[in-house]
Amino acid sequence: MNGVLFSMSRCNFLSNRLIGFKDARLRPSMSLLQKPPALLALEDGTVYYGYAFGYSGQTIGEVVFNTAMTGYQEILTDPSYNGQIVTMTYPHIGNYGISVYDMESNKPYARGFIVREFSRVASNHRSNQDLQSFMEQHKVVGIEGIDTRALTRRLRSGGVVKGVIYHGKASPELEAELVAQAKNHADIDGRDMTPEVTTELPYARPTFKESPRVAVIDFGIKHSIVYKLEQAGAEVIVVPAQTSPAQIMALNPYGLVISNGPGDPDGPKYAHDTVWQLLGLLPTYGICLGHQLLGLAVGGKTFKLAHGHHGANTPVKNLVTGEVEITSQNHNYAVDITSIPGNQFKATHINLNDNTLEGMAHTRYPVFSVQYHPEASPGPHDASYLFNRFIEEVNAFEGATAMPAMKAEAVKL
Amino acid sequence: MPKRTDIHKILILGSGPIVIGQAAEFDYSGTQACKALRNAGYEVVLINSNPATIMTDPDVADKTYIEPLTPEFVEKVIIAERPDALLPTLGGQTALNLAKTLYEEGTLERHSVELIGANYNAIQKGEDRKLFQEAMQKIGIATPKGKMVGTLKEALEFVIEIGYPAIIRPSFTLGGTGGGIAYDEAEFKQIITQGLHDSPVHTVLVEQSVLGWKEYELEVMRDHNDTVVIICSIENFDPMGVHTGDSITVAPAQTLSDKEYQQLRDYSIAIIREIGVETGGSNIQFAVNPRNGDVIVIEMNPRVSRSSALASKATGYPIAKIAALLAVGYHLDELPNDITKETKAAFEPSIDYVVTKIPRFAFEKFPGTPDDLGTQMRSVGEVMSIGRTFKESLLKAMRSLELDVRGEMQHKHLDELEHTLRPNPMRLPALFELLRRGKSVQYLFEKTAIDPWFLSQLREIVSVEKEIVTLPEPKTWNWELWREIKRIGFSDADIAKLVGEKVSEIRKLRLEHHSAPVYKTVDTCAAEFEAYTPYHYSTYEWEDEVSRSDRKKVIILGSGPNRIGQGVEFDYATVHAVWALREAGYETIMVNSNPETVSTDYDTADRLYFEPLTFEDVFNIIEHEKPIGVIVQLGGQTPLKLARALTDAGAPIWGTSADAIHFAEDRDSFHDLCNRLEIPQPAGGVATDPQEAINLATDIGYPVMVRPSYVLGGRAMMQVHSEAELKAYLADVYAELPGNPSILVDKFIEGAKEVDVDALGDGETVVVAGIMEHIESAGIHSGDSACITPPVTLSETIQNTIIDYSLRLTKAIGVKGLINIQYVIKEDEVFIIEANPRASRTIPYLSKAIGHPLAKYAALIASGKTLKDLDFTRTPKPELYSVKEVVLPFLKFKNILPILGPEMRSTGESMGISDNPYLSYFKGQLGANVKLPLKGKARIIGSHADLEQDLKNLGFELCENQDYDLLIDTEHTRELRYALENGIPYLTTLEAAHWTLKAIAAAQATEMQVRPLQA
């Protein structure tokens, strides 16, 4: 069957209506050479000139980057990016549109979006909307057309860099003003962002059959974590970040998950307290911020990384099994395991690139945590096994407790 | 796990001569593997019959055997070398099949050779369709649904499941003939009935059609620790239905959401584990239904492939090198990432640019063959380009191809353009033209199934073109406008055409407005880490990452995409130049657009610019780097074409000057020179138009050879025996050529012997490196003819005459480097045909035959050394005979008779070395996959009583039917096609027949030996 000729028009699987293809028709006046201008002004005085897209206006925040080549919607809607302006290193963003199934929370938490070229058309059968209208709808200000690689090289060497995205052409005076605004913007360090991202009310995901109940403390959780827990067989109840330990235990959970979230783990001090009080009562699983909170709760320290990890291709070595997993990461802080008093935790996973801690487990209690994102979204599924491991520990624990009497007293059950 | 210390010597199988579907990428992979393993402390033995490759350079392996890739010869090498292990995954399908045979025949076990890098079961599961389907079923991944049926009823029942269109493949029909695609029941019934009738076993396979589905490839690697990483995802611009090798492809995938991509990733990991590839790389191909996202796995290749080479160049991750190290026991997390130096090879590259690959075709060489692209690969080479956006990358790739078709498309009728939307080499320009004429993306999607995202990108390019035309004149454009226009990816030449200005004017204005490209680095990590790779591309962005060093530097221009007439031989020459100059202490900079080759390995030169070989892109680099020398004479016609423009622009061209090149290539000046030097030439002249050509031919007297000037590979060259034939040529072939080149008309001397000479000149002295005697007579393009060195039938006198002519001519032209001269000899008179003052395609073969690296010498001469400095002052007299035989792609082009002519059609070559010239010939044939029989039946078409007698003497039986083991057909009948399709050796010229019979006689009498080049 060499040189088989075929006729596309006779393939009836292609309907006349392009599914999922939203063509933001180029308005007659819209020129690709002379687009509405925008600029990005960084606090150190650098100004990048580009073009406006997304919601019209101005925004300010800490500028970060992510090297994942897919998953812009998940990133935009990940509460961990609260208050930040995200730069995508991959140049083409928006190609496959926006899908209702890819929301990691109920709205984008990123303040701004920096890309090299945003796609005016969305072409994928799953897409319900194109990126432009999504950003307009949720008021995310964007800038495109700048040298995102140059920006990434500047950002990678560490330190917080704040910036302003401004739509329009600015005079030198205005530019200087925008730079000043960026400099004076409230720092992330030390600030507790949780009230902005946590759920207002607790909510449950009942399974209508016998399943281990897991309580999840929401510091800015991604939907995928809840979904993965469900998939592993748990009945999930998500509670607001400031819920007290007594209230959590009153739900009669068999396991505890400490979620991911934005900002400095030093911010929510109440969280350290809650985690400390609950330590040892239940099998516990911490993810990203949760891992850091665990570390701080037991008296350890975190430190700011030379440059944060922001991508979907980071290799992590599981020290227990010797296996390597490729992971999704988004963090600027790491736990210093040597700072944890009494050797309570041992290292279970390390980052193959810079040897920083990626996962730890308690030496006595069924408590473990990882710095990276095993729920991925975006990213590889190599670490999904951790959810199964957690549920296994929950099933094994089943109410049997090695709880010290003093602790039970302390929480007044 | 540390590397294995229980093995010390590893035998690597090469991939043989370059053929369509298995080409230079294995030179690149194999060379990387040899280097990596030697660095790790192992002794490497290589067997490959292809002399044109870098891989078979005596420096690359410890012992290099240029011998046929057959089980018998591999066993001879095993006996001579006693390796501990065999690594077969770097030589394509050839090596894999060879390894399979050796394993099945017990040869490996007999000699205690362990198969590493691939295990037998994995190869079987990956390649056998039935085993593969079963494996996929086991892990729950869908494969195209198919069922073998024996009756129409069964077929109709099954087609309900899969729907229309349905693909029908009758079993065991030759060459896959019969069958077809049925779009409705009526067609289905007809094709099934016909197919059941055609099939000798009366069964047909009815298969689900995934034509038009989106096609993706993932390159995957696995180590002994079961770590699996995805190196690259590739999306095919041309959807399912066109072989991936013939499709325009883009990396990374552009239209998959994260969830869809992760699904393909999960499947790939499951597949490589289930098939059982324990270490190394694999290529896995998927089809995705654009309507609902259903995924089907099409096939997997459990080895390094053409796509791996592309993926390596696209991401900077050296797949073949890592695969070789994994085969000897290393784990991915133990190997360093060369690029970042601080991180490990266990990671997945993230890229912040877009890579486009466009294949290069050669259908014009096979007129009469339809150029429809389908499931059988037919491209001969490819270009790759890197840009920050798809538009930039695509436009760069299009100009790397050196095919300017915009002008042609403009004049085509709408109907014709629409007909060009079927998969074929011209589809992309047709899409552009239809978009220009107002067709919508939706319409084109329905016609072609190319994803609307890609079509929208093309539409944006067209939109900007239209906008540029409405702008006021370029003199008024400001810096921002220039930037945005250049950022789309338009070249100065594109802009010049759009606005009707001269290219030089556009360039001048652009530079006045400070619009110049910057250079970025390929770093595998999207700038997350500091990178040390010297691998760069140009783009119109802000930040330039490449700073000029203060060393003395030389730029060497590569050969661009492989094509018939300009293949991997030129890569050999340019890489050798790089090695020689590096050793001599210069900083070497390579510029090339071919992802398949060793030259574009970032390890080869000190710096690599992966850029189109056009004046604009090359001169930008020259201005950026400010080299002391630029070498253009080693990459074939592509860089040579730039010599004049670069010289005029002030670039420091090293080696033979542009003037000297032009002098030799211009007919008139060459003719005068030969007259002055009293070197006889066949009568000939140059005509500027068809009528003049006819007049000239009449003066010279038929038969004559006609061809256009300044081309490579004898394109559009033909022998004509009468005025009628000449007129036909002018009307059909010449009229199609762009640019109205001059027509060269030369007397064709029938029955003459042809000879090639390669020589080196340093401006003062000239040395002839070798005289290569062609086996076929003149009239067959020298690139298609087998040849032997040292010569066998030329007398001492004739050889001295040839040497004398060559020395005087080379000196007179002023060659500083290599020159290739072609002569014909008739009745003891030597006539000169042409001289090309550049590296020729025989350089690698000749270098290996005489044991001197000629391209290296040429590069050093260009840098100022003399032949005396290089200690190369006398024509070498090799002890052994070396034959170069070619491989021709006739099987891929239906209905073409496999006869040779003045137009070059070979894709690659093999080499045979022996102390007996006829054994060399025999080995050369074997290396080119022609197994000359030592006994059996032979058939002769044409009256050759002497051949009949010779065959009888050799013990052959003559026959008249189709039951033969050897065919000699000098009448050029269709019987040749039969022999070709059935894999039976055939001979089409008398000379080849004589040599073959002598070769058979020698092979019958002697046991052939193997010897390494390093002996």
Side-chain angles (χ1 to χ4, degrees), chain A residues 1-6 8-14 18-19 21 23 26 31-33 67-71 74 89-92 95-96 99 101-102 116-117 119-121 123-126 147-150 152-153 156 311-315 317 322-324 326 352-353 376-381, chain B residues 165 169 176 179 181 183 211-212 225 227 229 241 252 254-259 261-262 265-266 290-293 333 343-344 346-348 350 352 354 370 372 374-376 388-390 422 442 445-449 451-453 456 460 463-464 467 481 484-485 520 526-528 541-543 894:
Chain A
M1 291 250 292
N2 306 327
V4 162
L5 290 174
F6 64 88
M8 285 328 305
S9 58
R10 304 186 62 196
C11 289
N12 57 14
F13 76 86
L14 292 175
L18 288 173
I19 300 136
F21 173 62
D23 185 350
L26 293 175
S31 145
L32 282 171
L33 291 178
T67 65
M69 296 186 284
T70 51
E74 291 90 326
T89 58
Y90 180 63
H92 284 285
N95 307 1
Y96 51 83
S99 160
Y101 296 110
D102 292 345
R116 173 59 177 82
E117 180 174 311
S119 183
R120 287 166 171 74
V121 305
S123 175
N124 187 289
H125 69 97
R126 293 170 82 240
D147 188 345
T148 47
R149 185 176 163 86
T152 306
R153 293 179 81 219
R156 74 171 176 215
N313 62 348
T314 316
K317 184 149 187 157
E323 286 172 1
V324 172
I326 305 295
L352 272 178
N353 289 338
S377 293
H381 299 157
Chain B
R169 304 180 200 269
I181 306 185
Y183 291 89
L211 291 178
N225 196 24
T227 304
V229 294
Q254 302 289 334
T255 65
L256 287 178
S257 58
D258 183 69
K259 298 227 169 16
Y261 171 69
Q262 296 303 335
R265 183 178 180 279
D266 289 341
R291 186 175 201 153
N292 58 17
D333 58 307
T343 60
K344 298 280 183 276
F347 84 112
E348 301 190 348
S350 175
D352 59 356
V354 178
D372 299 290
T375 49
Q376 202 189 48
R388 283 274 288 160
T389 63
F390 173 64
R422 64 195 157 81
Q442 166 122 13
F445 167 60
E446 282 170 13
K447 285 274 181 191
T448 62
D451 195 283
W453 188 81
S456 314
E460 286 189 4
S463 212
V464 176
E467 215 183 315
L481 200 50
E484 286 312 305
I485 290 175
K520 300 232 179 250
E528 192 176 355
E541 285 270 37
W542 276 34
E543 188 183 37
K894 273 160 76 101

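Numbers restart at 1 for each chain; the letters A, B, ... are given by sequence-line order, proteins then strands. No hydrogens, no waters, no symmetry mates; every other heavy atom, side chains included, goes into these values.
With A:Asn313 contributing its side chain and B:Phe347 its backbone, the two residues share no donor-acceptor pair below 3.5 Å.
Ring planes of B:Phe390 and B:Trp453: tilted class, angle from 30 to 60°.
For the pair A:Lys317 and A:Glu323, the salt-bridge criterion is not met [side-chain N within less than 4.0 Å of a carboxylate O]. Taking a cutoff of 4.0 Å between a charged side-chain nitrogen and a carboxylate oxygen, B:Glu541 and A:Arg149 do not qualify as a salt bridge.
The contact between B:Tyr261 and chain A is made entirely by side chain atoms (from C-beta outward), counting heavy-atom distances below 4.5 Å. Heavy atoms of A:Arg116 lying under 4.5 Å from chain B belong exclusively to its side chain. In this structure, chain A has heavy atoms under 4.5 Å from both the backbone and the side chain of B:Pro252. Both the backbone and the side chain of B:Arg388 come within less than 4.5 Å of a heavy atom in chain A. Both the backbone and the side chain of A:His381 come within less than 4.5 Å of a heavy atom of chain B.
A:Glu74 and A:Ser377 form no side-chain donor-acceptor contact under 3.5 Å, judged by distance and modelled atom types alone. Donor-acceptor pairing under 3.5 Å is recorded for the side chains of B:Asp451 and A:Ser123.
Among B:Ala527, B:Gly293, B:Ala346, the residue with the largest count of heavy-atom pairs under 4.5 Å with chain A is B:Ala527. Put simply, of B:Asn225, B:Asp266, B:Val464, the one with the most heavy-atom pairs under 4.5 Å next to chain A is B:Asp266. In terms of non-hydrogen atom pairs under 4.5 Å with chain B, the most contact-rich of A:Ala376, A:Gly311, A:Pro315 is A:Pro315. Residue with the most contacts toward chain B among A:Thr152, A:Thr67, A:Thr314: A:Thr67 (heavy-atom pairs, distance under 4.5 Å).
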Review point. What's the verdict on salt bridge (Lys or Arg N to Asp or Glu O under 4.0 Å) for B:Lys520 and A:Asp147, showing C-alpha distance, side-chain angles and the deciding distance?
Key: CA-CA 11 Å; B:Lys520 300 232 179 250; A:Asp147 188 345; 2.7 Å; yes
